[in-house]
*Asks:* 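Below you will find the structure I want to go over with you.
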Number of protein chains: 2
Amino acid sequence: MTKILYVEDEPALGKIVKESLQSRNYEITMAEDGLAGLRAFESMQPDICILDIMLPKMDGYTLAEEIRKTQPKMPIIFLTAKSQLNDVLKGFKVGGNDYLKKPFSLEELIIRIENLLTLTSGQVSNAQEINFGKFKFLPLRYELKCPDNTFKRLSHKEAGILSLLLKHANSTLERKEILLKLWDDDSYFNSRNLDVYITKLRDYLKADPNVEIITIKGIGYYFSY
Amino acid sequence: MTKILYVEDEPALGKIVKESLQSRNYEITMAEDGLAGLRAFESMQPDICILDIMLPKMDGYTLAEEIRKTQPKMPIIFLTAKSQLNDVLKGFKVGGNDYLKKPFSLEELIIRIENLLTLTSGQVSNAQEINFGKFKFLPLRYELKCPDNTFKRLSHKEAGILSLLLKHANSTLERKEILLKLWDDDSYFNSRNLDVYITKLRDYLKADPNVEIITIKGIGYYFSY
DNA sequence: TGTAAACAAGGTTAATTAAGGTTAATGAGG
DNA sequence: CCTCATTAACCTTAATTAACCTTGTTTACA
């Protein structure tokens, strides 16, 4: 899924835009000032940034410069209420790829996001059922069909983690990605939780020894079957 | 098509909300101050009004009174900043109203629009009959036809919840949405009620084991058949 | 350079907290 | 007094936190 960092200090507008983008299957993280934006950028690794120009603590241009220090090719869309030519020019000088005047149209914003993204990211699996090893997983029903043909009902979190593992089957899935996707937060305060769920899933999956959740210490998990 | 009058003086927010509502097939007319809002109301005959409280020339409160002089039952949703909410509630408790704090969620707004419209038209659902599993639901008659061909008369709330579940069949229905639609309020004080109705519905529906209301803790329900 | 503390990351199990389920009692309105 | 909506009391289960254990990785020093 495409990850978007959106830095906006107007809560009313921000909430609506965030939600509209989410409903189009973007994964969106918000920050309300420049410094928070920079911190969010460092922890989330977005695919694209949408930055308001006038922001508390650090303006959008400066934020863009900071971002470009570590990710020189990061696509950035600037939003501004000021529609003066100077601002536009300054925005492109920093290397911003696009520029949108407020009030802007949501369709315009989405078109610009799509245009800027060179990544053709993988589709979200809305599959009815997924077979793996001797198991079958029904994501919409939160059910796991075991080798002995019994059904195990998974909780919301269990199903979410299993879905992620399956999406990244036979490749590595970062711990951080799971935490961000299921808890919106990858801080350690929030995190032993995940280990508990991994233990549970390993327990559910032990009926087929070829299905394994392999720990890659410091990185995440490798799901193999 | 449902006609909405939306009076909002914040252009950035206004444009986004207008567009989002249009994309959901509402016909929407905007005005940027109270007087323009009143003129628009007189010429367009909307089905519902969404009014910001703080408006130039005439505030939303006064505008609502003017509107009610000619259309006493016109459904009105007020948008207010949090700080003003108490004052507004104090003097104005006429039926057919709703309040939304800024920043608000677009989903919440849409739920409230639909809620107010169905309240004024008194309908649970406009379909004649809905088949699911071994059951048939007659929303207009509040009747459930069971696998054994007996009829069970449902109460208003029971029928409302079943309608919602059916509308979201085989996908998740948020608890919050049910509470907002049927109780106008998603606070916990108001809520064990819903659990009681879910228990009742599960009891009515137990005759077909393929029909299931699956709990997704912290989120809502998944209605599967 | 080998080995052992020290540390960091994760595993496991159990306890706690919070969300929801169930059943019965109460209340409000015809 | 009916019926439906709401509240209350108590029970069950999911999510989280805590405590303690295991294993891999550094680092320090002989």
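Proteins come first, then strands; the chains are lettered A, B, ... in the order of their sequence lines, and each starts at number 1.
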*Asks:* In terms of heavy-atom contacts, does CZ of B:R141 have more than 12 from other residues, nucleotides or ligands at under 6.0 Å?
*Replies:*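 Counting other residues, nucleotides and ligands, CZ of B:R141 stays at 12 neighbours or fewer.
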*Asks:* Evaluate the criterion salt bridge (Lys or Arg N to Asp or Glu O under 4.0 Å) for residue pair A:D203 and A:K200; output intermediate values, then yes/no.
*Replies:* CA-CA 5 Å; A:D203 185 45; A:K200 284 186 184 175; over 6 Å; no
*Asks:* Specify the separation, in whole Å, of atom CG of A:L194 and atom P of D:dT16.
*Replies:*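 Taking atom P of D:dT16 as the reference, CG of A:L194 is at 11 Å.
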*Asks:* For D:dA5, take OP1 and OP2 only and decide whether either is under 4.0 Å from a side-chain N or O of B:W183.
*Replies:*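 Looking at the OP1 and OP2 atoms of D:dA5, neither is under 4.0 Å from any side-chain N or O of B:W183.
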*Asks:* To the nearest Å, how far apart are B:L162 CG and D:dC4 P?
*Replies:*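 From B:L162 CG to D:dC4 P: 16 Å.
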*Asks:* Roughly how many Å is it from CG in A:D195 to C1' in D:dT17, rounded to a whole number?
*Replies:*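 Rounded to whole Å, this separation is 12 Å.
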*Asks:* Of all the nucleotides listed (D:dA5, D:dT7, C:dG10), which has the minimum atom distance to the side chain of B:S155?
*Replies:*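 That would be D:dA5.
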*Asks:* Would you check if the distance from the ring center of B:F137 to the ring center of B:F135 is below 6.0 Å?
*Replies:*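 Not under 6.0 Å, so no.
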*Asks:* Quick check: do A:Y142 and A:S155 have side-chain heavy atoms less than 4.5 Å from each other?
*Replies:*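 No. Closest side-chain heavy atoms not under 4.5 Å.
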*Asks:* To the nearest Å, give me how far apart NZ (A:K152) and C1' (D:dT13) are.
*Replies:*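 Nearest whole value for this atom pair: 11 Å.
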*Asks:* Nearest whole angstrom, please: distance from the C1' of C:dT13 to the OH of A:Y197.
*Replies:*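 In whole Å, C:dT13 C1' lies 15 Å from A:Y197 OH.
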*Asks:* Do any side-chain nitrogens or oxygens of A:N193 fall under 4.0 Å of OP1 or OP2 in D:dT16?
*Replies:*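 Yes, within the criterion.
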*Asks:* Ignoring hydrogens and angles, does a donor from either the side chain of A:K217 or the base of D:dT23 sit under 3.5 Å from an acceptor on the other?
*Replies:*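 Such a pair exists between side chain and base.
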*Asks:* Does C:dA9 have OP1 or OP2 sitting under 4.0 Å from an N or O in the side chain of A:T215?
*Replies:*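 For C:dA9, OP1/OP2 do not have a side-chain N/O of A:T215 under 4.0 Å.
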*Asks:* Taking only side-chain N and O atoms of B:Y221, does any of them lie within less than 4.0 angstrom of OP1 or OP2 on C:dG21?
*Replies:*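 For C:dG21, OP1/OP2 do have a side-chain N/O of B:Y221 under 4.0 Å.
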*Asks:* Rounded to the nearest Å, what distance is computed from the CD atom of residue A:E158 to the P atom of nucleotide D:dT16?
*Replies:*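 In whole Å, D:dT16 P and A:E158 CD are 12 Å from each other.
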*Asks:* From the set D:dA5, C:dA14, C:dT22, return the single nucleotide nearest to any side-chain atom of A:V196.
*Replies:*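 Given the options D:dA5, C:dA14, C:dT22, the side chain of A:V196 is closest to C:dA14.
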*Asks:* Check the phosphate of C:dG21 against B:R202, side-chain N and O only, distance under 4.0 Å to OP1 or OP2. Yes or no?
*Replies:*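 Yes, B:R202 has a side-chain N/O under 4.0 Å of OP1/OP2 on C:dG21.
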*Asks:* Mapping B:R153 and A:H156 onto DNA chain D by nearest heavy atom, which one lands closer to the 5' end?
*Replies:*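 In this pair, the answer is B:R153.
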*Asks:* Just checking, any donor-acceptor pair under 3.5 angstrom between side chains of A:Y204 and A:E158?
*Replies:*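 Yes, because at least one side-chain N or O of A:Y204 sits under 3.5 Å from a partner of the opposite role on A:E158.
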*Asks:* Nearest whole Å is fine: how far is C:dA19 P from B:L179 CG?
*Replies:*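 In whole Å, C:dA19 P and B:L179 CG are 13 Å from each other.
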*Asks:* Can you find a side chain N or O atom of B:R175 that sits less than 4.0 Å from OP1 or OP2 on C:dG20?
*Replies:*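 So the side chain of B:R175 is within the cut-off, an N or O lying under 4.0 Å from OP1 or OP2 of C:dG20.
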*Asks:* Measure the distance from CD1 on A:I219 to P on C:dA9 and round it to the nearest whole Å.
*Replies:*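 Rounded to the whole Å, the gap is 11 Å.
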